[in-house]
Every structure is written in C-alpha cells, then in structure tokens.
S.K.: 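Let me give you the structure first, and then I'll get to my questions.
Quantities reported herein were computed from a predicted structural model and do not represent experimental measurements. Atoms considered below: every heavy atom in the structure, side chains included; atoms not considered: hydrogens, waters and symmetry mates.
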Amino acid sequence: MRHRIAVAGGGPAGLTFARVLHRHGHPVTILERDPAPDSRPPGGTLDLHKGLGQLALDKAGLLTEFQALSRPEGQAMRILDTTGAVLRDWQPRPGEQTNPEIDRGQLRDLLRDSLDVRWGREVTQVLPGTADGTLVHYADGQQETFDLVVGADGAWSRVRPAVSPVTPHYTGVTSVETSLDDIDTRHPDLAHLIGDGSMAVYGANRSLVAQRNSGGHVKVYVKLRAPRNWHADLDPTDVEATRTRLLALFDGWAAPVLDLLGHGTTFVHRPFYVLPESHTWAHVRGVTLLGDAAHLMPPLGAGANLAMLDGAELAEAIAANPEDPDQAVRAFEEQMWVRAATWAKITTAGLQRLVSPDPTEALALFDDVQPS
C-alpha cells in the first residue's frame with residue numbers, strides 16, 4: 001500500500017526523513033515555507049557527531065559525500081581569557097572524525113538532491129482525523145490531505161498543536177550574531193586569533209564566540225543572560241548603536257577580542273527558547289514531530305544531530321512496516337522521547353555552565369568534554 005506522507009519543514013530533520021524514505025522507495029512530499037532555496041541565508045556551520053548526525057547520513061547513504069564536504073579542521077577549539085591570553089588550544093588528531101563541521105547550506109543541498117520539495121508551501125494548521133486523513137491548511141488558503149504529516153518545522157511549529165498544547169519558553173539567555181567575510185585576507189590578525197575552528201572567551205554571564213565556516217566566512221556570537229527584551233530601546237536597523245551597546249557589555253576585555261565586533265555590518269538577535277525537558281504527548285494517528293518541533297533544547301551542538309537521527313529512524317521504522325505506519329510512528333515516538341529527554345538535561349545543564357556568573361564553569365565544562 002502506498003501511503004501519502006508529507007513532512008513540514010525542509011531543514012535537517014525533514015530532509016533526512018525524506019531522503020531515507022526515498023532511499024527505501026517511498027516518496028515524501030516536503031512542504032517548505034521558503035519561496036525558493038536561496039530566499040534567505042542558510043545559517044552557520046554544524047558539527048555532526050559520529051553516533052548521531054553522521055549515523056543519520058550513513059542511513060541516508062550520504063556519509064562518503066559528507067566526509068568529502070566536511071571540515072575536520074573545524075573541530076579545533078581555542079579558549080581565551082578576557083585579557084586575550086590562551087587558556088586552552090585543542091587541535092583534532094590526524095584523521096579525527098568525531099564531529100567535523102559542515103556549513104548548513106552544504107548539508108541542505110546534500111540532503112535535498114532528487115527530493116520533492118514544494119517551495120512556498122507554508123503550513124498554518126494541521127487537523128488529524130478527517131474522513132480522508134490528516135488535513136493540512138496552507139497560508140494561501142489551499143488545503144490538502146495526507147495519511148501522515150510529520151512536523152519538522154522547528155521551534156514555533158505549526159504542526160505541534162495537533163498533538164501538544166506546549167509552547168517554548170525563554171531560557172534567560174540570548175545571542176546576538178554578526179559575521180565577517182574573507183577573514184584570512186581582510187582581517188589576518190583575527191583569522192590567527194580564531195585558528196582553524198572556534199574561539200571563545202567567557203566572562204561573568206556573557207561570552208564572545210567566533211566560529212569558522214567555509215570560504216573564509218566567520219560567525220561571531222555574543223551570548224548573555226538578559227531579559228528577552230533587553231534591546232527593546234534599540235533600532236534594529238541601527239548597526240552602530242547595537243555595536244556600541246554590545247561593546248559596553250564587554251568593557252575592559254582585550255582589544256583584539258572586541259575587534260571581532262568591530263567589522264560586522266548586521267546584528268541579529270536570537271533569544272534561546274526551549275521546550276520542557278521531557279516533552280511527550282498522547283499519540284495522535286496521522287501526525288508526529290521531529291527535531292526542534294518535538295524537543296527544542298539549548299543550541300549546544302546536539303539539536304541538529306538529534307533532528308537528523310530522528311528523521312532517519314522514523315523513516316526506517318516506516319519502511320520496515322509499510323502496511324501499518326501508525327504502529328511504526330508509535331514505537332518511534334517512545335524511543336525518541338527517551339533520547340531527547342537525556343540530551344535536553346545535558347544541554348540545559350551545559351547552558352547554565354557556559355553562561356554563568358563564574359566563567360571558570362565554562363572552562364571546566366570544555367575540560368570535561370574535550371579529549372585529553
């Protein structure tokens with residue numbers, strides 16, 4: 001029997017789900033609200049863990065292609081103190097593939113190849129249990145039914161209300177993002193400061209992190225404990241006013257470190273939201289959730305990895321039981337909830353230590369997780 005399956009969201013979770021099912025000969029319709037593949041920047045870089053994101057890519061038959069695109073050197077991590085002195089400088093061992101980096105755009109293109117993506121299909125509501133299956137409403141007023149709708153549409157999922165009334169809550173930590181281009185040529189001193197991977201400086205309740213992407217592009221992140229509307233008095237288009245406010249938060253830090261904020265031409269505010277650590281729901285026939293839609297947690301490197309493994313495992317479960325996909329979904333949900341709750345606890349505790357009144361907590365956390 002050929003079931004009509006749709007996934008809302010063309011991010012890592014939705015694309016991995018569709019790609020693995022496609023590999024097993026089952027078509028999936030991907031409903032993506034963006035009007036085109038290049039309608040907005042794809043985001044920064046991801047480190048894909050060997051037993052999570054890389055496992056998902058292996059299930060999708062794409063591990064070799066990933067290894068050709070990824071940047072093992074991006075596993076390097078350098079920590080400085082506020083004077084600019086180097087406290088730690090971890091370098092990957094030759095052949096190290098524990099968590100190499102890949103740009104989000106490269107990963108998206110790798111997963112998306114040959115899949116059926118419907119661009120400009122913004123899902124606004126999902127209603128299970130209709131006579132013809134699960135009804136999907138679109139922003140343009142059209143609607144369509146499927147046998148199974150998978151919500152992989154992120155933190156503010158429009159699919160989630162079909163199974164759960166829970167909404168994300170603010171963690172008390174926010175991030176401000178800017179970027180530098182062609183850093184090795186235009187800013188060689190900063191390129192040397194960052195190294196081949198990431199560089200971080202931790203202070204009391206705030207940090208400054210720089211992370212290399214491919215092609216000489218660097219993302220710079222300010223992270224701080226603050227009210228969600230801490231910047232409400234700033235004009236979001238006034239770059240210099242935002243820069244001045246941010247620099248004041250790091251008064252007294254080393255000039256080379258602060259120079260990372262001196263060249264950005266835009267600043268994007270990203271408050272960190274999470275779902276409850278043990279978010280579950282009563283199973284609803286014809287609907288389920290993956291990734292951030294199911295288990296939004298602090299962005300400490302686990303989210304995309306878990307989302308991809310969610311997608312791969314759900315697809316394999318359906319492929320193994322094509323006559324009764326609902327039974328496959330039930331079993332998958334139980335498995336996903338246990339794993340997600342474990343990682344939610346880990347990342348919540350990690351965020352507390354990384355943005356802490358005591359900066360030595362952040363250093364101790366990295367000492368715990370980095371290879372000796």
S.K.: Relative to each other, are the rings of Trp253 and Phe250 parallel, tilted or perpendicular (30° and 60° limits)?
M.R.: perpendicular
S.K.: Salt bridge check, Glu177 against Lys223: does any charged N sit closer than 4.0 Å to a carboxylate O?
M.R.: no
S.K.: Under 6.0 Å from the NE2 atom of His192, do we count more than 12 heavy atoms belonging to anything else shown?
M.R.: no
S.K.: Between Leu52 and Leu314, is there a shared hydrophobic cluster once you connect ILVMFWY residues whose side-chain heavy atoms come closer than 4.5 Å?
M.R.: no
S.K.: Taking atom CD of Gln97 and atom CG of Leu48, what is their separation to the nearest 0.5 Å?
M.R.: 11.0 Å
S.K.: Establish whether Leu148 and Val163 are linked, either directly or via other cluster members, by ILVMFWY side-chain heavy-atom contacts under 4.5 Å.
M.R.: yes
S.K.: Under 3.5 Å, is there a donor on one side chain and an acceptor on the other for Gln211 and Asn213?
M.R.: no
S.K.: Rounded to the nearest 0.5 Å, what's the gap from CD1 on Ile30 to CZ on Arg112? Could you check?
M.R.: 9.5 Å
S.K.: Taking a hydrophobic cluster as the set of Ile, Leu, Val, Met, Phe, Trp and Tyr residues connected by side-chain heavy atoms closer than 4.5 Å, whether directly or through intermediates, do Phe17 and Val149 fall within one such cluster?
M.R.: yes
S.K.: Any side-chain donor-acceptor pair under 3.5 Å between Ser356 and Asp358?
M.R.: no
S.K.: What distance separates Ser164 OG from His279 NE2, expressed to the nearest 0.5 Å?
M.R.: 3.0 Å
S.K.: Indicate yes or no: at least one non-hydrogen side-chain atom of Leu111 is less than 4.5 angstrom from one of Leu62.
M.R.: yes
S.K.: Look at Arg118 together with Glu32 and state whether they make a salt bridge at an N to O cut-off of under 4.0 Å.
M.R.: no
S.K.: Quick one: do the Arg330 and Thr288 side chains pair a donor with an acceptor below 3.5 Å?
M.R.: no
S.K.: Return yes if some donor-acceptor pair links the side-chain N/O of Arg108 with the main-chain N/O of Pro37 below 3.5 Å, else return no.
M.R.: yes
S.K.: Regarding Asp238 and Arg243, does a basic nitrogen lie under 4.0 Å from an acidic carboxylate oxygen?
M.R.: no
S.K.: Heavy atoms, side chains only, cut-off 4.5 Å: are Val329 and Val287 in contact?
M.R.: no
S.K.: Between His49 and Asp47, do the side chains contain a donor N or O and an acceptor N or O under 3.5 Å apart?
M.R.: yes
S.K.: Output yes when Arg160 and Asp153 qualify as a salt bridge under the 4.0 Å nitrogen-oxygen rule, no when they do not.
M.R.: no
S.K.: Given the side-chain rings of Trp230 and His269, with only the six-membered ring counted for Trp, is the space between their centroids under 6.0 Å?
M.R.: yes
S.K.: After noting the C-alpha distance and the side-chain angles of Ser198 and Arg78, does the key distance pass the side chain to side chain donor-acceptor pair (under 3.5 Å) rule?
M.R.: CA-CA 6 Å; Ser198 299; Arg78 180 176 293 166; over 6 Å; no
S.K.: Salt bridge check: are Arg339 and Glu313 linked by an N-O gap of less than 4.0 Å?
M.R.: yes
S.K.: Please check if Leu135 and Val150 belong to a single hydrophobic cluster, counting links between Ile, Leu, Val, Met, Phe, Trp and Tyr side chain heavy atoms closer than 4.5 Å.
M.R.: no
S.K.: When you look at Asp182 and His217, which way does the side chain to side chain donor-acceptor pair (under 3.5 Å) test go after all the steps?
M.R.: CA-CA 6 Å; Asp182 198 15; His217 185 74; over 6 Å; no
S.K.: If only atom types and distance count, is the side chain of Arg19 paired as donor or acceptor with the main-chain N or O of Leu110 below 3.5 Å?
M.R.: yes
S.K.: Quick check for you: to the nearest 0.5 Å, what is the distance between Asp326 atom CG and Asp147 atom CG?
M.R.: 11.0 Å
S.K.: Counting C-beta onward and ignoring hydrogens, is there a side-chain heavy-atom pair between Pro100 and Gln54 closer than 4.5 Å?
M.R.: yes
S.K.: Mind checking whether Lys219 and Thr178 have side chains closer than 4.5 Å, heavy atoms only?
M.R.: no
S.K.: Are any side-chain N or O atoms of Ser70 and backbone N or O atoms of Pro72, one a donor and one an acceptor, separated by less than 3.5 Å?
M.R.: no
S.K.: Hey, are Asp34 and Arg40 close enough for a salt bridge, meaning a charged N less than 4.0 Å from a carboxylate O?
M.R.: yes
S.K.: Would the number of heavy atoms belonging to other residues, nucleotides or ligands and lying under 6.0 Å from CZ of Arg285 be above 12?
M.R.: no
S.K.: Return yes if some donor-acceptor pair links the side-chain N/O of Arg23 with the main-chain N/O of Lys59 below 3.5 Å, else return no.
M.R.: yes
S.K.: Quick check: is Met336 connected to Val20 through a chain of hydrophobic side chains (ILVMFWY, heavy atoms under 4.5 Å apart)?
M.R.: no
S.K.: Please determine whether a side-chain nitrogen of the Lys or Arg among Asp367 and Arg88 lies less than 4.0 Å from a carboxylate oxygen of the Asp or Glu.
M.R.: yes
S.K.: For the OG1 atom of Thr280 and the CG atom of Leu289, what is their distance to the nearest 0.5 Å?
M.R.: 11.5 Å
S.K.: Donor-acceptor check, side chain of His3 to backbone of Pro322, threshold 3.5 angstrom: yes or no?
M.R.: yes
S.K.: Check the side chains of His22 and Asp116 for a donor-acceptor pair under 3.5 angstrom, ignoring hydrogens and angles.
M.R.: no
S.K.: Could you tell me if the side chain of Leu260 sits less than 4.5 Å from the side chain of Met199, heavy atoms only?
M.R.: yes
S.K.: For atom NZ of Lys50, is the number of surrounding heavy atoms from other residues, nucleotides or ligands below 6.0 Å larger than 12?
M.R.: no
S.K.: Please check if any side-chain donor atom of Ser214 sits under 3.5 Å from a side-chain acceptor atom of Asp103, or the reverse.
M.R.: yes
S.K.: Could you check whether any side-chain heavy atom of Pro256 comes within less than 4.5 Å of a side-chain heavy atom of Asp189, counting everything from C-beta outward?
M.R.: no
S.K.: Verify the neighbour count for atom CZ of Arg228: are there more than 12 heavy atoms of other residues, nucleotides or ligands below 6.0 Å?
M.R.: no
S.K.: Sub-3.5 Å donor-acceptor pair from the side chain of Asn305 to the main-chain atoms of Gly53, do we have one?
M.R.: yes
S.K.: Would Thr242 and His231 count as having a side-chain donor-acceptor pair, cut-off 3.5 Å?
M.R.: no
S.K.: To the nearest 0.5 Å, how far apart are CG in Asp58 and CG in Leu63?
M.R.: 5.0 Å
S.K.: Side-chain contact, heavy-atom cut-off 4.5 Å: His295 with Leu275?
M.R.: no
S.K.: Does a donor on one side chain sit under 3.5 Å from an acceptor on the other, for Asp81 and Thr83?
M.R.: yes
S.K.: Go through it in stages, so that I can follow the logic: the residues are Gln75 and Trp90, the test is side chain to side chain donor-acceptor pair (under 3.5 Å), and I'd like the CA-CA distance, side-chain angles, deciding distance and then a yes or no.
M.R.: CA-CA 8 Å; Gln75 297 169 103; Trp90 290 286; over 6 Å; no
S.K.: Backbone N or O of Thr130 within a donor-acceptor pair of the Thr134 side chain at under 3.5 Å?
M.R.: no
S.K.: Between Thr45 and Arg212, do the side chains contain an N or O donor and an N or O acceptor separated by less than 3.5 Å?
M.R.: no
S.K.: Does the ring of Tyr138 carry Arg121 above it, NZ/CZ under 6.0 angstrom from centre and within 45° of its axis?
M.R.: yes
S.K.: Would you call Arg33-Glu122 a salt bridge at under 4.0 Å N-O?
M.R.: no
S.K.: With a 4.5 Å heavy-atom cut-off, do Asp324 and Asn321 have their side chains touching?
M.R.: yes
S.K.: Within the side chain of Thr347, is there an N or O that forms a donor-acceptor pair under 3.5 Å with the backbone of Ala344?
M.R.: yes
